[in-house]
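Here the structure is laid out as structure tokens; the discussion comes afterwards.
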Amino acid sequence: MMLPSPRRRARAVFTVFAALAMVAIAPSTTPARAAPPDSLVMGMVLEPPHLDPTAGAAGAIDEVVYANVFEGLTRIGPDGSVLPALAESWEVSEDGLVYTFHLQRSVTFHDGSAFTADDASFSLQRISDEDSVNAQKGLYEVIENVVTLDGYTLIVELKRPDGRFLFNLGWGDAVMVAPETADDNKTNPVGTGPFRFVRWVQGDRVELEAYPDYWGTKPALQRATFRFIPDPAASMAALMAGDSDAFANMPAPESLEAFKADDRFAVVIGSTEGETILALNHRRPPLDDVRVRRAISHAIDRRAIIDGAMFGYGTPIGSHFAPHHPAYVDLTGMYPHDPEKAKALLEEAGIAPGELSFTLHLPPPSYARRGGEIVAAQLAAVGIKTEIIPVEWAQWLEQVFRGHDFDMTIVSHTEPLDIDIYARDDYYFGYDNPDFDAVIEALEQTTDAETRADLYRKAQTILAEDAVNGFLFQLAKHGVWDARLRGLWENSPIQANDLTGASWSE
Amino acid sequence: MAWFIAKRAVALALTLVAASLVVFGVLEVLPGDPALLILGVNAREDTLAALRESMGLDQPAHWRYLAWIGGLLTGQLADSLTYDVPVTELLVPRIAVSLPLALMALTLTVALALPLGVLAAARRGRAADGAIMGASQLGIAVPNFWLGILLILLFAVTLRWLPSGGFPGWEAGVGPALAALIMPAVALALPQAAILARVTRSSVLEVLGEDYMRTARAKGLSQGEALWHHGLRNALIPVVTIMGLQFSFLLAGTIIIENVFNLPGIGRLIFQAIGQRDIVVVRDLVVLLAAMVGVVNVLVDLSYAVLDPRLRRGHLRGAHG
């Protein structure tokens, strides 16, 4: 799910104006680099509320500290694969219940203290403490017991096999922290990563510097600064003026053409884990009728939504699954855009044209606000009226997500591989299908990659057949950076700005 | 005079109590659970409950209100719900941006508006008047954030003289800090100066028509001398009233400019805090802003007394209608 955030005020008109004006007057010289060649200034839209990835769901926290300041036992690589990190290797028992991790030996925290199995044990146990405020506590609830065998061997016993356990250990929520410093990580993060925290000028930037005693490959950059620029026009200006070297995810897709036309910049369109859906509340008749939901699916023209709301950036999806994943099945053809078919299905369900009227709650991001208007027009074309209700994230969470007080909403689910949300009891869209639940349960028990892929394919197909929600598109990642920069992530398999491999080409 | 100040202080205190009740009440009924916002959609109920308890949100409302007011009175502000640091720690660096910005903008406003307004009045109907009034019409019509974008395009993107936004902090030195504030100050000041120049012009024109000005001219003073010695003081009363309003606006109403220039000021903090349902920050900030506006109003009233000796004898306000 796209995390709650201060709203991005759409001032598209002015951003477009600014874009055009900049193209017209931008000098053709190369920009004065924002910083010397061994440093980098990365722009971000949202400022993190604090810097402790184990105590909050805000993606902006990980976008600063993940892989840079904090590391976990495993980590997620640029392609979404699970890589060794502080655990250099591991073994899994036959029954999938016992994991033995062998830890890196020369690791120190940024305060100089050594990282040992005791720290690892503390970090994992802290997640499941009674007063834990870990946002993903549920992911690690499978841990039965943690034992240290010696200073560098950690044994984790699970309550049941969990095919995603190593992946979940790579999340920012499971990074390794030290007992002495854990409570202060929100304002003074102390991790084991290649960069250590220098200062946070709240409202403006976070500064990091290379940690000289880093255990692994040392980064090319000596300094890294994250600048927080919520305004789309201001973020454009910062890049154009050379005050920022990069925006890993440019907030305004309408500005990308201007950067493409300028060879000082590289525009890199990548993928994210964000499935953007028109969620339907199955508790509200007639949305419990699969014919009505299929009619809605036929009424939707995904291409028009991507072109109109996202300026063409985004990949159509036919189920709740990321197109770049190996187990992806293309189901976009199941309900082609066909208003006549949609009307026929509604008639079959006993609904007269113009009889249906739904609310459509739209959270602040432009994919929802702009996409919602297009969806409303497309539904109107098949005789379904909609009442658009713009909401803030706080309201969305309370009314829609928790209160289930909505008919339809548009939201992007940004957690990786989150198809299992459809098996949750009483989830906000209220889908309930025992066959689907059985597939997810089988997935949880399976560690074999090929079997898992099969199960994922099956799960996608069930959701598409049931037309659970209107599946719209996969959010794209719009990276814009100085053309001389190398080693930034093209895709975002998790929300992170891993700078460990970043360097300047000169 | 002392009696006047005491009366105003009581009125200010009552205003603040009312403001605190209103903001607390509004935040109570505003939908949105801060714990859910912080922990997101995967959070489990027990985790949410643990967080709510640690933030004190499980206490009854009247108790939380009293605890808050008690904290305000003793200077012990609670911790921000999202940033998890005392509100004072958040506020001080923000005020160190917003207050200098507001003062710079006000100084620019006055420095531009007063001479131009007086000049336009003195040259009424002539070319200078027309030019100044035309320019001020334009200044009023241009939204300040748009002006801000134009300034960035010219001075940051094309000429590269000034940073496009952000604030290096005062610890980076006065030079860089002022360089970061000058464009936003100009963007804020120009539309305000346009308004103030018009007010000044009409106020001076009114004074120029007064009997005592004719008397002054009759005893041989030039128009400039008459204006300088007898007119300006009287003409300033409406100007100071508008300036007071403008200063309040510059303190509290800079949210958009702070966004355009990416400045970590009070406006952006309050905007963020509302979105994140950081009720602790919002309520402290609202009361702080109400207090600042109240104090500015008292200062404006006091300045009337300085400008017009008649008003010192008790007939404050109302005396000049």
Identify the heavy atoms of [X] and [Y] that sit nearest to each other, and give their distance.
{"X": "Ala156(B)", "Y": "Ala241(A)", "result": "O-CB, 3.5 Å"}
{"X": "Gln395(A)", "Y": "Pro31(B)", "result": "CG-CG, 3.6 Å"}
{"X": "Val157(B)", "Y": "Met240(A)", "result": "CG1-CB, 3.8 Å"}
{"X": "Ala50(B)", "Y": "Ser132(A)", "result": "CB-O, 4.2 Å"}
{"X": "Val201(A)", "Y": "Glu171(B)", "result": "CG2-OE2, 4.2 Å"}

If I measure from the heavy atoms of chain A, does [X] come under 4.5 Å with its side chain, its backbone, both, or neither?
{"X": "Asp46(B)", "value": "side chain"}
{"X": "Leu269(B)", "value": "neither"}
{"X": "Asp84(B)", "value": "side chain"}
{"X": "Pro163(B)", "value": "both"}

How many angstroms lie between [atom1] in [X] and [atom2] in [Y], if you round to the nearest 0.5 Å?
{"X": "Asp231(A)", "Y": "Glu258(B)", "atom1": "CG", "atom2": "CD", "value": "12.5 Å"}
{"X": "Leu37(B)", "Y": "Leu397(A)", "atom1": "CG", "atom2": "CG", "value": "5.5 Å"}
{"X": "Glu398(A)", "Y": "Arg277(B)", "atom1": "CD", "atom2": "CZ", "value": "8.5 Å"}
{"X": "Tyr83(B)", "Y": "Leu51(A)", "atom1": "OH", "atom2": "CG", "value": "10.5 Å"}
{"X": "Glu45(B)", "Y": "Lys137(A)", "atom1": "CD", "atom2": "NZ", "value": "11.5 Å"}
{"X": "Trp396(A)", "Y": "Leu36(B)", "atom1": "CH2", "atom2": "CG", "value": "9.5 Å"}

Residue Asp426(A) excluded, over 12 heavy atoms near CG under 6.0 Å: yes
Over 12 foreign heavy atoms within 6.0 Å of CH2, Trp170(B):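 Enclosed.
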Residue among [options] with most heavy-atom pairs under 4.5 Å to chain B:
{"options": "Ala238(A), Ser235(A), Ala55(A)", "answer": "Ala238(A)"}
{"options": "Ile229(A), Thr187(A), Asn134(A)", "answer": "Ile229(A)"}
{"options": "Glu47(A), Lys186(A), Arg402(A)", "answer": "Arg402(A)"}
{"options": "His50(A), Glu141(A), Gln202(A)", "answer": "Gln202(A)"}

Just give me the residue among [options] that pairs up with chain A most often, heavy atom to heavy atom, under 4.5 Å.
{"options": "Asp33(B), Leu263(B), Val97(B)", "answer": "Asp33(B)"}
{"options": "Pro34(B), Pro168(B), Ala43(B), Ala49(B)", "answer": "Pro168(B)"}
{"options": "Ser80(B), Gly166(B), Ala35(B), Ser164(B)", "answer": "Ser164(B)"}

Results of side-chain contact (heavy atoms from CB on, under 4.5 Å) for Ala102(B) - residues two or more places apart only: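 So Ala102(B) forms a side-chain contact (heavy atoms from CB on, under 4.5 Å) with Phe247(B), Leu250(B), Leu251(B).
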Passing option when Pro49(A) is tested against Thr82(B), Leu81(B), Asp278(B), Ile38(B) for side chain to side chain contact (heavy atoms under 4.5 Å, CB included): Thr82(B)
Using residues 53-62 of chain B as the side-chain source, report each donor-acceptor pair under 3.5 Å to any protein atom, sequence neighbours left out, with the distance given to one decimal.
unit_1: Ser54(B); atom_1: OG; unit_2: Leu51(B); atom_2: O; d: 2.9
unit_1: Gln59(B); atom_1: OE1; unit_2: Trp63(B); atom_2: NE1; d: 3.4

Proximal component of Val133(A), with respect to chain B [non-hydrogen, under 4.5 Å]: both
Under 3.5 Å side-chain donor-acceptor pair for Asn262(B) and Arg205(A): no
Pro230(A) side chain reached by Arg268(B) side chain, heavy atoms, under 4.5 Å: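 Sidechains of Pro230(A) and Arg268(B): in contact.
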